[in-house]
Amino acid sequence: MDTDPAIRSAIDRTKSDQLEVLKSLSRTASTETEFSTELNGGIRKSKLVGSSPGKRNSYHIRKTRSTQLNKVDFEEVTSSAALSRASSASLGFSFSFTGFTPPPQDVSDLNATLSDDDLSPGGDIESGTKRKKFLIEPTLPIYLKFTEVKYKVLVKSITGTNEKYILNGISGYASSGEVVAVMGPSGCGKTSLLSILGGRISNNAVEGSVTYNDETYNKSLKRRIGFVTQDDVLFAHLTVRETLTYAALLLLPKTMTKQEKEDRAMDVIYELGLDRCQNTMIGGSFVRGVSGGERKRVCIGCEIIINPSLLFLDEPTSGLDSTTALRIVQVLHNIAEAGKTVMTTIHQPSSRLFHKFDKLILLGKGSLLYYGKASEAMPYFESIGCSPLIAMNPAEFLLDLANGNLTDISIPSELHDEVQTKDITTYGKANKPSTNDVHEYLVGAYETKVESKEKKMLAAEDSKECIPAQHVHPKKIKREWGASWGQQFAILFLRGIKERRHDYLSWMRITQVVATALILGLLWWHTSTSTPNALLDQAGLLFFIAVFWGFFPVFTAIFTFPQERAMLNKERSVDMYKLSAYFMARTTSDLPLDLLLPVIFLVIVYFMAGLKETATAFFLTMLIVFLCIIAAQGLGLAIGASLLDVKKATTLASVTVMTFMLAGGFFVKRVPSFISWLRYLSFNYHTYRLLLKVQYDEIPPYLHVTGMDNGLREVLALVVMVFGYRLLAYISLRRMNLRSAS
């Protein structure tokens with residue numbers, strides 16, 4: 001059909017204009033990509049963990065626009081309909097009379113851009129830069145096998161003590177390159193199983209066999225096994241980068257230089273997508289820090305930094321949204337792809353998360369309900385008569401079964417007939433199956449249909465997997481420390497100062513000390529020693545100084561080891577450092593911070609109260625107070641380390657400090673002989689006598705201070721307390737460490 005020349009001319013002009021728009025948009029997209037490349041070319045990015053959502057979305061928009069531009073058929077633009085489609089495609093949208101709909105031909109391309117690889121943080125997509133993959137470094141493959149694992153605990157009751165089995169004969173295996181999920185309701189024994197397989201529980205309460213390349217657990221495996229606990233055990237005031245750097249410096253072998261260890265820490269940061277928050281504090285209950293997902297990735301980073309062969313994680317996705325949980329699981333897949341074995345407990349995964357797992361262990365009341373490929377779990381339960389009656393998340397379906405809940409789930413005919421027969425015989429009427437009935441049926445079905453088959457597969461996999469392991473048994477790995485004792489001390493000392501400076505130098509503590517000093521200075525304003533009463537008043541001030549700086553450090557130090565017990569157990573479980581290096585660094589890193597506030601206090605009080613105005617007397621007073629603080633701190637450390645319970649330690653410290661104060665020689669002048677020895681244990685007593693000696697060349701007799709010579713005996717007594725209390729604290733920590741390891 002002939003077209004009017006005017007119409008044809010209009011169409012040609014419109015076509016020409018539209019082509020110019022398309023070319024312009026194409027040039028704009030190219031320019032944006034080149035500009036982004038220039039901006040991000042020098043920025044270090046990860047290969048495994050994706051960029052921020054904002055940048056990722058802008059990238060997908062540009063990529064989709066470019067794809068749609070390429071798909072436009074320029075030869076079709078000969079009608080108003082074709083022009084409309086081209087115009088809509090150039091903007092990345094398609095409109096119709098029924099509303100807004102995406103172009104059908106581009107749905108597959110859009111899905112391709114939202115692949116799982118984009119959920120795992122990686123290199124800079126826009127700039128095209130790729131980092132060397134850290135997790136592909138070679139590692140010792142370990143074949144984990146566990147057979148008939150049982151675990152029992154003692155339960156105390158009014159009638160006596162009874163044994164309760166938490167696990168009842170769990171068997172299975174895990175090979176390198178697999179991600180194994182352990183599922184089940186709360187209290188079914190997931191964490192107990194993971195702790196046993198990870199070597200965290202190894203006492204007489206455990207029965208069965210757990211082997212690693214056909215060898216039982218030994219200390220050389222500590223550095224081959226990573227264990228991420230359910231609770232995030234991290235220092236709140238350290239940044240992400242500091243946390244991973246200190247872990248690298250302490251854990252990585254001595255053959256690596258300090259720079260190489262720091263580079264490894266940065267590699268892990270970029271691998272896990274933590275580069276944008278690397279300078280943010282971890283945070284805690286009262287400190288704002290990184291998000292929950294980032295905190296969990298930091299915990300994973302602390303474990304994978306040593307390139308372990310086995311990685312255990314206890315509910316790493318709990319409390320996270322589905323997208324963050326998917327990123328965590330994608331990270332675990334990337335770790336497994338490097339030849340490592342990953343086993344994780346998981347509470348209630350999404351359907352997409354569930355299909356990410358290679359194997360599944362389903363527990364119910366400590367018994368094994370299913371072990372095998374995760375993709376075969378649903379067909380297995382359908383084969384025994386349990387299938388969902390409505391569309392349901394596979395994980396929810398499995399958890400309902402493990403709980404004995406058959407709501408919206410078909411009841412197996414065998415179970416139904418058995419329950420009906422039993423109930424009619426007993427009660428005269430039929431009832432629905434109880435949770436115990438469902439549990440017994442599932443356990444029996446697994447033992448009948450799967451367990452014998454799995455045992456044969458276990459034997460076959462055992463013989464197949466152990467061939468390479470015959471040449472590299474875990475026990476042949478030499479146990480060695482990542483740093484020398486001196487290096488461990490230096491690293492822990494610096495870490496301790498960075499962590500606790502926020503507490504020690506908080507405005508509340510400074511205000512407390514300064515306010516107390518001002519009140520004392522005003523109450524004892526320019527006291528004189530001209531009369532006995534005035535001198536007694538000044539002696540009261542000196543005794544208060546001795547009591548205050550004996551009381552204050554004790555109640556600060558008793559929290560040290562109870563609060564860090566979880567961190568100490570975690571780091572010592574992988575031989576991060578020697579206990580002696582930790583103890584020395586922990587006790588000495590407090591000294592610079594502990595001695596700063598007393599200087600401020602004494603500068604205010606000493607001159608306001610009008611004490612002896614000589615430089616010698618002032619500095620001797622300061623040294624005596626320092627010695628008292630260090631001795632009192634040792635007592636607090638000893639009490640905290642021996643009890644490791646804040647409430648018990650606080651109670652004992654209160655009684656002890658009160659006793660020392662009363663025996664300090666100010667309140668009671670004549671102490672009965674049968675209890676007079678108690679004052680020699682009091683640092684308040686020795687500090688008070690030394691302060692009197694410094695202020696008065698000749699101590700007046702009405703102060704009732706006898707046997708005071710040059711003060712050397714009192715100094716020696718305080719020095720003995722400084723080292724004696726700390727030795728007691730170290731012995732208590734050593735005993736605690738041995739108990740936890742046994």
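By convention here, the first residue in the shown sequence is residue 1.
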*Is any side-chain heavy atom of Val210 less than 4.5 Å from a side-chain heavy atom of Tyr217?*
no
*asked:* Using only atom types and a distance under 3.5 Å, with no angle test, would you say the side chain of Ser171 pairs donor to acceptor with the backbone of Glu148?
replied: yes
*May I ask you to test the Gln563-Phe559 pair for a side-chain heavy-atom distance under 4.5 Å?*
yes
*Under 6.0 Å between ring centres, would you say that holds for Tyr370 and Tyr446?*
no
*Is the backbone N or O of Leu313 less than 3.5 Å from a side-chain atom of Thr344, with the two atoms forming a donor-acceptor pair by type?*
yes
*Kindly indicate whether the side chain of Met183, heavy atoms from C-beta on, has any atom under 4.5 Å from the side chain of Leu360.*
yes
*Hey, are Lys365 and Asn436 close enough side-chain-wise for a donor-acceptor pair under 3.5 Å?*
yes
*Cationic tip of Arg224 within the cone over Tyr212's six-membered ring, i.e. under 6.0 Å and within 45° of the normal?*
no
*Do the side chain of Asn393 and the main chain of Pro349 share a donor and acceptor less than 3.5 angstrom apart?*
yes
*asked:* Taking Glu315's backbone N and O only, do any of them form a donor-acceptor pair with Thr345's side chain (distance below 3.5 Å, no angle check)?
replied: yes
_Donor-acceptor check, side chain of Thr280 to backbone of Gly289, threshold 3.5 angstrom: yes or no?_
no
*Could you pull out all residues at least two apart from Asn405 that satisfy side chain to side chain donor-acceptor pair (under 3.5 Å)?*
Thr407
*Heavy-atom closest pair, residues Leu244 and Ile305*: O-CD1, 3.5 Å
*Does Arg495 pair with Glu571 as a salt bridge, N-O distance under 4.0 Å?*
yes
*Answer yes or no: is there an ion pair linking Asp232 with Lys296, defined by an N-O contact shorter than 4.0 Å?*
yes
*May I ask you to decide if Asp575's main-chain N or O and Arg223's side chain share a donor-acceptor pair within less than 3.5 Å?*
yes
*Just by distance, with hydrogens left out, do Ser176 and Thr341 show a side-chain donor and acceptor under 3.5 Å apart?*
no
*Taking Arg295 for its side chain and Val290 for its backbone only, find out whether a donor-acceptor pair lies under 3.5 Å.*
yes
*Should Phe381 and Leu401 count as side-chain neighbours, where that means a heavy-atom distance under 4.5 Å?*
yes
*Kindly state each residue pair satisfying side-chain hydrogen bond (donor to acceptor under 3.5 Å, both in side chains) with at least one member in residues 185-198, sequence neighbours excluded.*
Thr191-Asp314
*asked:* Do Arg572 and Tyr582 form a cation-pi contact, if we require the NZ or CZ to be under 6.0 Å from the six-membered ring centre and within 45 degrees of the ring's axis?
replied: no
_Can you see whether Asp503 engages Ser506 through a side-chain donor-acceptor pair at a distance of less than 3.5 angstrom?_
no
_Distance-only side-chain donor-acceptor flag, Glu294 / Ser291, under 3.5 Å_ = yes
*Answer yes or no: is there a donor N or O on one side and an acceptor on the other, between the side chain of Gln488 and the main chain of Ala483, under 3.5 Å?*
yes
*Does the Lys222 side chain pair with the main chain of Gly199, one donor and one acceptor, at a distance under 3.5 Å?*
no
*Could you tell me whether the side chain of Lys570 and the main chain of Val233 form a donor-acceptor pair under 3.5 Å?*
yes
*asked:* Below 30° counts as parallel, above 60° as perpendicular, anything between as tilted: where do the rings of Tyr173 and Tyr143 land?
replied: tilted
*Got a sec, which residues hit side chain to side chain donor-acceptor pair (under 3.5 Å) with Thr317, two or more places apart in sequence or on another chain?*
none
_Check the orientation of Phe561 and Phe583. Use parallel for under 30°, tilted for 30 to 60°, and perpendicular for over 60°._
parallel
